[in-house]
Amino acid sequence: MPIDANPVHELKILEHIETNPDTTQADIATQLGVAVGTANWYVKRLLTKGYIKVTHLQRRRLRYLITPKGIAEKSRLTVEYMRISLELYRNIREQSLVALRQARRAGYTQVVIEGDGDAADICRLTCVEHGVTVVTEQRAAPGTPTVVIDGERVTWGVEQKA
């Protein structure tokens, strides 16, 4: 079963090799959070594309070098990663603003945020910027709306407690 290439993995490998040419595939696998076989697949892919080259230092020790073509690809991947990240940030922020405006119009000044990760952090910052207090579920007054972070989707609602 073939592996689908992940551009973020390729970027991380190129960055890692650039700063640590004496790395091992086990180190690369740990850095990516993947199996060594997957790291090997990525390294072979980058070698085939001419983004890195390898030299033998000792019998079982390798040195990876990023090529000029690899430096150009790393730059391209970095720009693409930044573009996607900013697009995601703008999307989450806009959805957070819509949810907060709806909650404010309904008379609420505090919310509970359900979810975690970067999207929840963006939502929390948006709340602070717009004067909406974020409280934990334990400290929330009855009827406090919940802003739900589900992947890249932000919604809000009021849970009616019996």
Side-chain angles (χ1 to χ4, degrees), residues 1-103 111-132 134 136-137 146-157:
M1 171 188 239
I3 301 171
D4 287 333
N6 180 334
V8 174
H9 285 346
E10 290 183 353
L11 175 60
K12 286 181 179 180
I13 292 170
L14 290 170
E15 288 173 339
H16 186 72
I17 287 173
E18 187 174 44
T19 59
N20 186 8
D22 295 329
T23 192
T24 65
Q25 288 187 14
D27 291 339
I28 292 169
T30 300
Q31 175 98 10
L32 298 179
V34 299
V36 175
T38 301
N40 178 273
W41 181 86
Y42 274 104
V43 167
K44 285 181 179 179
R45 179 178 164 85
L46 295 172
L47 280 164
T48 301
K49 289 182 168 190
Y51 298 153
I52 60 175
K53 64 181 181 176
V54 65
T55 59
H56 288 273
L57 294 178
Q58 298 167 355
R59 183 170 178 222
R60 298 196 72 200
R61 194 80 182 142
L62 304 174
R63 171 172 278 169
Y64 297 97
L65 301 169
I66 188 167
T67 65
K69 188 176 177 182
I71 291 170
E73 178 64 3
K74 183 174 117 350
S75 296
R76 188 195 70 75
L77 288 170
T78 300
V79 168
E80 181 64 10
Y81 179 78
M82 292 300 297
R83 185 191 66 73
I84 291 168
S85 295
L86 286 171
E87 185 178 302
L88 176 62
Y89 171 82
R90 283 188 208 102
N91 184 27
I92 295 296
R93 180 143 166 95
E94 183 56 38
Q95 289 183 56
S96 297
L97 283 169
V98 167
L100 292 177
R101 284 184 193 126
Q102 291 171 347
V111 297
V112 173
I113 296 179
E114 182 181 298
D116 55 16
D118 294 337
D121 291 341
I122 293 166
C123 187
R124 276 187 195 84
L125 289 172
T126 305
C127 288
V128 169
E129 290 172 357
H130 291 275
V132 176
V134 177
T136 63
E137 192 171 340
T146 300
V147 177
V148 179
I149 311 296
D150 183 17
E152 297 176 17
R153 191 164 167 247
V154 179
T155 57
W156 82 283

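In what follows, every heavy atom counts, from backbone to side chain, and hydrogens, waters and symmetry copies are set aside.
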Would you say the side-chain atoms of [X] pair up with the backbone N or O of [Y], donor to acceptor, closer than 3.5 Å?
X	Y	value
Tyr42	Asn6	yes
Thr19	His16	yes
Thr146	Val112	no

Item to complete: May I have the step-by-step check of side-chain hydrogen bond (donor to acceptor under 3.5 Å, both in side chains) for Asn91 and Gln95, ending in yes or no?
Response: CA-CA 6 Å; Asn91 184 27; Gln95 289 183 56; 3.0 Å; yes
Less than 4.5 Å apart, side chain to side chain, heavy atoms only: is that true for [X] and [Y]?
X	Y	value
Ile17	Leu65	no
Thr38	Asn40	no
Arg63	His56	no
Val154	Val147	yes
Leu11	Tyr81	yes
Tyr51	Leu14	yes

[X] [atom1] to [Y] [atom2] distance, which is reported to the nearest 0.5 Å:
X	Y	atom1	atom2	result
Arg124	Asp116	CZ	CG	8.0 Å
Leu32	His9	CG	NE2	5.5 Å
Arg61	Thr55	CZ	OG1	11.0 Å
Ile149	Ser96	CD1	OG	5.5 Å
Leu46	Ile28	CG	CD1	8.5 Å
Tyr64	Lys53	OH	NZ	14.5 Å

Which heavy atom of [X] sits nearest a heavy atom of [Y], and at what distance?
X	Y	result
Val36	Ala26	CG2-CA, 4.1 Å
Ala119	Ile92	O-CG2, 3.6 Å
Ala5	Glu10	CB-OE2, 3.8 Å
Gly50	Thr67	O-OG1, 2.6 Å
Gln25	Ala39	O-CB, 3.7 Å

Ion pair [X]/[Y], N-O distance below 4.0 Å:
X	Y	value
Glu80	Arg83	yes
Glu18	Lys74	yes
Glu87	Arg90	no
Arg93	Glu129	yes
Glu73	Lys49	no

Worksheet entry | Other residues, nucleotides, ligands: >12 heavy atoms within 6.0 Å of Asp118 CG | no
Discussion item. Walk me through whether Ile84 and Leu86 qualify under side chain to side chain contact (heavy atoms under 4.5 Å, CB included).
Written reply: CA-CA 6 Å; Ile84 291 168; Leu86 286 171; over 6 Å; no
Practice prompt. Evaluate the side chain to side chain contact (heavy atoms under 4.5 Å, CB included) criterion for residues Val54 and Leu47: first the C-alpha distance (whole Å), next the side-chain angles of each, then the deciding distance (0.1 Å), finally the verdict.
Written response: CA-CA 8 Å; Val54 65; Leu47 280 164; 4.2 Å; yes
Worksheet item: Can you tell me if Tyr89 and Glu94 form a side-chain donor-acceptor pair at under 3.5 Å?
Response: no
Worksheet item: Can you name the residues that form a side-chain contact (heavy atoms from CB on, under 4.5 Å) with Val132, not counting sequence neighbours?
Response: Leu100, Arg104, Val111, Cys127
Practice prompt. Decide side-chain hydrogen bond (donor to acceptor under 3.5 Å, both in side chains) for Asp27 and Thr30; before the verdict, give the C-alpha distance in whole Å, the side-chain angles of both, and the deciding distance to 0.1 Å.
Written response: CA-CA 5 Å; Asp27 291 339; Thr30 300; 5.6 Å; no
